[in-house]
Every structure is written in structure tokens, then in C-alpha cells.
2 protein chains.
Amino acid sequence: MRAIHEAAIEELLAVGVDRMTMEGIARRAATAKTSLYRRWSSTEEILVDAFLRVFPQEEPSPSSDDLRGDLVRALRMMRDWMSTLGARAVAEVVTARDRNPELVEAVYSRVFGERGGRFTQTVLYHYAGHGAFDPARLTPVVLDIGEALIIKHGMDHSRLPDDAHIDAIVDQAILPALGLVPGAG
Amino acid sequence: MRAIHEAAIEELLAVGVDRMTMEGIARRAATAKTSLYRRWSSTEEILVDAFLRVFPQEEPSPSSDDLRGDLVRALRMMRDWMSTLGARAVAEVVTARDRNPELVEAVYSRVFGERGGRFTQTVLYHYAGHGAFDPARLTPVVLDIGEALIIKHGMDHSRLPDDAHIDAIVDQAILPALGLVPGAG
DNA sequence: TATCTTAGCTACGCAAGCGTTTCTTAACGC
DNA sequence: GCGTTAAGAAACGCTTGCGTAGCTAAGATA
């Protein structure tokens, strides 16, 4: 059961959404094709189930009175999560969205969509509530800046940003957008 | 020739990189499989050729003394380009980068990589040179803000941002990162 | 213990793509 | 007008995945 879910994700990463096969999953899970067909009728169904079980989503918890530090922590958390197999699997699925809308719907909404996927969001709302900056600054655009820059970095360099780059994102993009100058917090 | 290149891109969009077949391209181009094998030996090779020919990359030309206006124009240009078949094709290829490194290399570097793909970059360098803001602000992070947010928007909503959203990106993210307050230019 | 569910194996006919070979057909140069 | 060159068509044996069916072997339940 768990073996099959893992096999499905592995297969996804190995061959891509569009080339997943029942036989491939079965092979990888060291089980019989018939056993798969007993429970699911397509690779997509297996994948949805797999995604449902596989993902614990960590939430950043703004602790101290340190906006910059918490932002950096949130973005590092995102980066570390993105280095996970799971995250690469999500990326895989999302690109083929035109071909598998249902799959994307099922996966994206719980893993990378509205709720999750905005790691800085939790932090920003917290500090906005505590008067660290003007809450009117928290537009959808501003909430996305950190995550957007990390994603773009990943696309450009096929490698996730290091700590220094995350610092730069916070200091040069997020804090200015909040109306804060890094030096004079 | 041109028909084959177009067919290759169409096929790419229809079935994805990983499921492209010689027979599929031949079918779509209304030609014979043998004719394809005469010139290329794989679907990847055809794709590289196709990308080389298909892409004219428009360059934003900063004209007036209007930083904000030029930024908006550059991002609209990017958005319009992304709505192209070609751009969706690029996205398709980039996600499968683990499986087709050579293809990504060949395609990405000329179409969406270092040189191109940074639409605001041209504009920003221009105005930095004319003293509109402190040139030290032009870090790699800042140069990417606009593009990153447009890409993220596309991923989140499977739809590209409208003009109002682009305005918001410029006003709420880019200009603050340059140390400029939208109201008081 | 006898029975009943369920996982796993093997094999089936079918379809699609592979890369190649052979043959026909058209176009162009001299 | 003739010969060369390149494109298209058809078929080849081969492989891989499909979805289904029939069987065996456990393990739980009455």
C-alpha cells in the first residue's frame, strides 16, 4: 500500500506524468499489475492517493519579535521543502496541467495552492497584526514576492537558492515592498 | 520543413515532451516518417531545430522618460509573449529538465535564459544609467522581481495576469525595491 | 477445520511506436 | 529528354503497455 504510493511518486519523477504506466508502477512496487487494477483504474488515481498520504506540510511559526529573521526562516523552510522529492513531483504535475486538469486540481489545491505554498504569508500576517508595518501593504502581489523569486531562481539555475540569496530576497525585495528599509528596521 | 517544425511544437504542446513520437509528428505534418528520419534521428533533435527557427524575441525599448510606464510595458510584453504557443512549449521543456538536460540546455539558453527572459532588465539598466535611482539597487534579485511574479501568477491561476495586476507588480514590488515610492516618483 | 476473501502470478489478444527496407513518384539540372 | 536526387508510401519484425481472465496460495472468519 505505502509501497505502491511510493512507487507511484518514484515513477512520476523517473518518467514524467505523461509516461506513467501501470506496469511501471507495478514493477517498481514489486507487485502485480492485477493488484493495481483491483483498487485503481488509472495511474492518475494512484497519484492522487499518493499525494494525499505523502504530504505533511510544515507551517512556519512566527516566534520572536524578529520580522526579518522569521521571513528568512520561512523562505528557508520553503526551499528545503522544495528540495524534497514531493515538491519535484508537484512541479512535474503542474506543468502538464493542460493534459491532466483533474489531477492538478486534486494535487495543487492541497499541496501547493491557496493554503500552503505561501510560506511567508503566515509570517507577514502575524507581523501586520502586530503593527510592524502598514497592513495595507499586504496585497496579493507582496505576499507572493518571496516564493516567486525562489521559484524563478530554481527555474533559472536548476538549483535552489542558498542562504545568502534568501537573505538578499528578504532585504532587497520583501522588506522594501513593506515600506521598510533593511538597515533601519 | 517549416511545416515539420510547426508540427513538432504542436505535438509537444499536445502530448508533452515525454510522449512525443516520430509518428505523431509525421502525422501532424502530413508527411512520411521516413522523411523525418532522413534529417533527424530523434524527436529532441527536431525540437531543437524548431525552437531555433521559431523564436523572434522582442526587445523592450525604453523610450520616454517614464520608468513606471516602461516597466509596465515590458511586463505586458512578457505576458503577451508567454501567451504564445512558443512560451508554453518552453515551459513544457523546462519542467522535464531532469530527463532531457541537453534539450533544455539548447532551448532554454537561447529563449528564456540569461539573455532573454528578463524583460524588465533592459528597462532597468537604461534608467539606472540615467540616474533615476541608485544603480547599486540593481541586484540579480531585483532584476527578477517582475518576471518572477508573473510566472508565479501563471502557476497559481493557470492564467496570466491582467493589466491591473501588472500595475500592482510594478507599484508594489519593483518600484519599492528600487527605493522609489510610487506616488512621489 | 472448512470456507471465503484477497494478493499475486501468468498469459492472452490488441494497439502503437520503434527504426529499417523497398518501391514509387515527383522535381530539377544539364 | 534523361538522369539524378529527394520525398512519400507501405510493410517488416520487434517491443511495450493496455485491460482482462484464470489460476494459486495465504490468511482471516465462522
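Residue numbering restarts at 1 for every chain, and letters A, B, ... go by the order of the sequence lines.
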Using side chain to side chain contact (heavy atoms under 4.5 Å, CB included) as the criterion, list what pairs up with B:Ala32, not counting sequence neighbours.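 With sequence neighbours excluded, B:Ala32 shows a side chain to side chain contact (heavy atoms under 4.5 Å, CB included) to B:Thr34, B:Ser35, given in chain and number order.
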Please identify each residue that fulfils side chain to side chain contact (heavy atoms under 4.5 Å, CB included) with A:Ala173, with sequence neighbours left out.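 A:Ala173: side chain to side chain contact (heavy atoms under 4.5 Å, CB included) contacts with A:Ile145, A:Leu149, B:Val141, B:Ile145.
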Rounded to the nearest angstrom, tell me the gap between atom [atom1] in [X] and atom [atom2] in [N].
{"X": "A:Arg19", "N": "D:dC18", "atom1": "CZ", "atom2": "P", "result": "13 Å"}
{"X": "A:Met20", "N": "D:dC18", "atom1": "CE", "atom2": "P", "result": "10 Å"}
{"X": "A:Asp18", "N": "D:dT16", "atom1": "CG", "atom2": "P", "result": "20 Å"}

Take the C1' atoms of the five end pairs on each side of the helix from C:dT1-D:dA30 to C:dC30-D:dG1, derive the two axes, and give their angle rounded to 10 degrees.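 Computed angle between terminal axes is 10°.
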Please list all pairs passing the ring pair (Phe, Tyr, Trp, His ring centres under 6.0 Å) test where one or both residues lie in residues 21-43 of chain B, with sequence neighbours left out.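 For residues 21-43 of chain B: none.
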So, using side chain to side chain donor-acceptor pair (under 3.5 Å) as the criterion, who are the partners of [X] when residues are at least two apart?
{"X": "A:Ser41", "value": "A:Glu45"}
{"X": "B:Asp80", "value": "none"}
{"X": "B:Asp66", "value": "none"}

Determine which pairs satisfy side-chain hydrogen bond (donor to acceptor under 3.5 Å, both in side chains) with at least one residue from residues 17-27 of chain A, sequence neighbours left out, and list them in order.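 Passing the test, one end in residues 17-27 of chain A: A:Asp18-A:Arg99, A:Glu23-A:Lys33.
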Can you list every side-chain hydrogen bond (donor to acceptor under 3.5 Å, both in side chains) pair that touches residues 124-141 of chain B, not counting sequence neighbours?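 Non-adjacent pairs meeting side-chain hydrogen bond (donor to acceptor under 3.5 Å, both in side chains): A:Gln172-B:Thr139, B:Asp70-B:Tyr127.
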For residues 28-41 of chain B, which residues have at least one heavy atom under 4.0 Å from DNA chain C?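 B:Lys33, B:Thr34, B:Tyr37, in order of number.
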Just to be sure I understand the rule, does B:Arg27 reach a base, reach only the sugar-phosphate, or reach nothing, if contact means heavy atoms closer than 4.0 Å?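 It contacts sugar-phosphate atoms only.
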Terminal contacting nucleotides, 5' and 3', DNA chain C versus chain A (heavy atom, 4.0 Å):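 Footprint of chain A along DNA chain C, 5' to 3': C:dA7 to C:dT10.
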A:Glu147 side chain vs A:Thr120 backbone, donor-acceptor pair below 3.5 Å: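 Checked: pair present.
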For B:His165, give me all partners under ring pair (Phe, Tyr, Trp, His ring centres under 6.0 Å), at least two apart in sequence or on another chain.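 Ring pair (Phe, Tyr, Trp, His ring centres under 6.0 Å) list for B:His165, sorted by chain: B:His153.
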